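These notes concern the structure reproduced below.
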Amino acid sequence: GKVRAPTHIISTISDDRGEEPCYAGVPMSSIVEQGYGVGDVISLLWFKRSLPRYCTHFIEICIMLCADHGPCVSGAHNTIVTARAGKDLVSSLVSGLLTIGPRFGGAIDDAARYFKDAYDRGLTPYEFVESMKKKGIRVPGIGHRIKRGDNRDKRVELLQLFARTHFPSVKYMEYAVQVETYTLSKANNLVLNVDGAIGSLFLDLLAGSGMFTKQEIDEIVGIGYLNGLFVLARSIGLIGEITDMINSFITMLLKAELLVVPS
Ligand code: ACO
Ligand code: LMR
């Protein structure tokens, strides 16, 4: 008789067994015909459901605003050095992505966790910040190397404006703003940064959309994959930095007549 190996790997997000692949049950043709965007695809593949348009639009804005931030930040620096050392696209990309962590771009999940815990427990911003200080933990989502109280991060302002206009509630974000007010009274560089803005606003998205149970929100925040938004976004910019390096290198070789283009 037939000997069938038991299944070891099961994906619950996409299925390619039918005539056309499906993302969380939605066939590719519907995705194209209904004009879905990247935010909808992320909703299907990360959250296994279709989210309202204002949520998917917010996800897309996060991706667009975090796509790049100049050559001086850790990720771009590593990627540029690796590309200039003659390595391939994937190697150059991952060398930059590997710098994403608690100090750079990877504080979204922790910001969401700590802001949620503090807000849900009813801690005042003073109690929250001072308790973090006692534990020797920097408040995730607070602080920036360049941005200051009098030179806010435009990305944060744009995200806040969008959420205040379209979200049914922004209670977690308002809490993060109150925390910022307190930290700014301590030092001018302790602004709410883009990770903190996304972390707190994602809590508002999850809680306010009515699409997630309390348990699901705890799971999303607990497992921690919101940093994926920054990873995904910054990959766009890092790939751009690589192609920019390759183009400048070719231009330099052509100028020095070290490379001849066949006519
Ligand atoms: N909470 C409490 N205190 C802080 C925080 C914070 N989030 N950030 C800085 N400080 C304090 C430091 O303890 C330090 O005090 P000290 O001199 O008494 O030790 C002082 O502020 C200056 O710290 P630096 O490390 O010099 O600040 P820097 O400007 O280099 O750091 C950074 C910026 C890495 C973002 C820092 O603020 C931080 O670790 N924040 C928390 C993590 C975070 O949110 N990262 C995401 C940043 S946004 C992005 O990457 C896209
Ligand atoms: C970025 O988006 O890369 C920056 O906000 C991070 C930084 O350290 O300036």
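Just so it is clear, the structure is predicted and the values come from calculations on it, not from any experiment. Remember, it's 1-based here, ligands and their atoms both numbered in the order they're listed.
Those atoms of ligand 2 with a heavy atom of Arg155 less than 4.0 angstrom away are 1 (C), 2 (O), 4 (C), 5 (O). The ligand atoms of ligand 1 that sit less than 4.0 angstrom from a heavy atom of His144 are 29 (O), 37 (O). Residue-ligand proximity, Phe104 to ligand 2, at heavy-atom distances under 4.0 Å covers atoms 3 (O), 6 (C). Close approach of ligand 1 to Phe104 is summarised as follows: ligand atoms under 4.0 Å from at least one heavy atom of the residue are 50 (O). Atoms of ligand 1 found under 4.0 Å from any heavy atom of Gly141 (numbered from 1 in listed order, with element): 43 (C), 44 (O).
Nearest-residue assignment for atom 35 (C) of ligand 1 (options Gly101, Gly143, Cys66, Ala233; heavy-atom criterion): Gly143. Of the candidates Gly105, Ala197, Pro140, Ser74, the one placing a heavy atom closest to atom 49 (C) of ligand 1 is Gly105. Between the choices Val139, Ile198, Asp110, the shortest heavy-atom distance to atom 1 (N) of ligand 1 belongs to Val139. Taking only non-hydrogen atoms, the option from Val194, Ile146, Val156, Asn189 nearest to atom 22 (C) of ligand 1 is Asn189.
Only the backbone of Pro102 comes within 4.0 Å of ligand 1, judged by heavy-atom distances.
Distance check, rounded to the nearest 0.5 Å: CD1 of Ile61 to NE2 of His57 gives 4.0 Å.
Counted by atom type alone, Ser95 and Thr82 present one or more donor-acceptor pairs between their side chains at under 3.5 Å. The closest side-chain donor-acceptor pair between Gln215 and Glu219 falls under 3.5 angstrom. Side-chain contact check for Ser91 and Asp88: at least one donor-acceptor pair (N or O, by modelled atom type) lies under 3.5 Å.
Glu127 and Lys134 are not joined by a salt bridge, as no carboxylate oxygen comes within less than 4.0 angstrom of a charged side-chain nitrogen.
Within 4.0 Å of atom 45 (N) of ligand 1, at least one protein heavy atom is present. Distance check on atom 15 (O) of ligand 1: every protein heavy atom falls at or beyond the 4.0 Å cut-off. Atom 29 (O) of ligand 1 lies below 4.0 Å from at least one non-hydrogen atom of the protein. Checking atom 4 (C) of ligand 1 against the protein gives a heavy-atom contact under 4.0 Å. For atom 40 (N) of ligand 1, the nearest protein heavy atom lies under 4.0 Å away.
Heavy atoms of Gly196 stay at 4.0 angstrom or farther from ligand 1.
Looking from atom 1 (C) of ligand 2 to the surrounding protein, the closest heavy atom is His69 ND1, 3.3 Å. Closest to atom 23 (O) of ligand 1 among all protein heavy atoms lies Arg138 NH2, 3.7 Å. Looking from atom 10 (N) of ligand 1 to the surrounding protein, the closest heavy atom is Leu190 CD2, 3.6 Å. From the protein, the heavy atom lying nearest to atom 3 (O) of ligand 2 is Arg234 NH1, 2.8 Å. Taking atom 47 (C) of ligand 1 as the reference point, the nearest protein heavy-atom neighbour is Asn193 ND2, 3.3 Å.
Nearest approach of Asn193 to Gly143, heavy atoms of both residues: ND2-O, 2.8 Å.
Val191 is not listed as a side-chain neighbour of Asp153, based on a closest heavy-atom distance of 4.5 Å or more.
Remark: the backbone N or O of Thr79 is not paired with any side-chain donor or acceptor of Glu241 at under 3.5 angstrom.
At under 3.5 Å, a nitrogen or oxygen of Arg145, whether backbone or side chain, sits near a nitrogen or oxygen of ligand 1. Considering both main-chain and side-chain atoms, Ala107 never comes within under 3.5 Å of ligand 1 through any nitrogen or oxygen pair.
Centroid-to-centroid, the aromatic rings of Phe128 and Tyr119 stay 6.0 Å apart or farther. In this structure, the ring of Tyr172 has its center no less than 6.0 angstrom from the ring center of Phe115.
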